[in-house]
Undergrad: 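Have a look at this one.
For the single chain, residues carry numbers from 1 onward in sequence order.
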Amino acid sequence: MPTAVLTDRERTAVQAYLRLLGTVRAVFDGPPEGRRPPVMPTATLAEAEQALAEAGLAGNEEEFFRLLRSWCPGR
């Protein structure tokens, strides 16, 4: 399988996405009883959106997920 060499901006976008994914998982992993609906921290979402835009990946999900799969197999 060929290995993708990510640019710094692509790597930043992938890392921001993984942090966003970790935050989402943490929010939903807690006990649901007696809690308000989960809220995503706006800074986490904004970081991911900015990183994607700077890497030229905003609106290009197919390319982004190809990079993600090549950098983090099993995600």
Undergrad: Between atom CG of L52 and atom CD of E47, what is the distance when rounded to the nearest 0.5 Å?
TA: 10.0 Å
Undergrad: Give a yes or no on whether R11 atom CZ has more than 12 heavy-atom contacts from other residues, nucleotides or ligands under 6.0 Å away.
TA: yes
Undergrad: With sequence neighbours excluded, what pairs up with E10 under the salt bridge (charged side-chain N to carboxylate O under 4.0 Å, His left out) test?
TA: none
Undergrad: What pair of heavy atoms forms the shortest contact from L20 to A48, and how long is it?
TA: CD2-CB, 3.9 Å
Undergrad: How long is the span from the CG atom in D8 to the CD atom in E54, to the nearest 0.5 Å?
TA: 12.0 Å
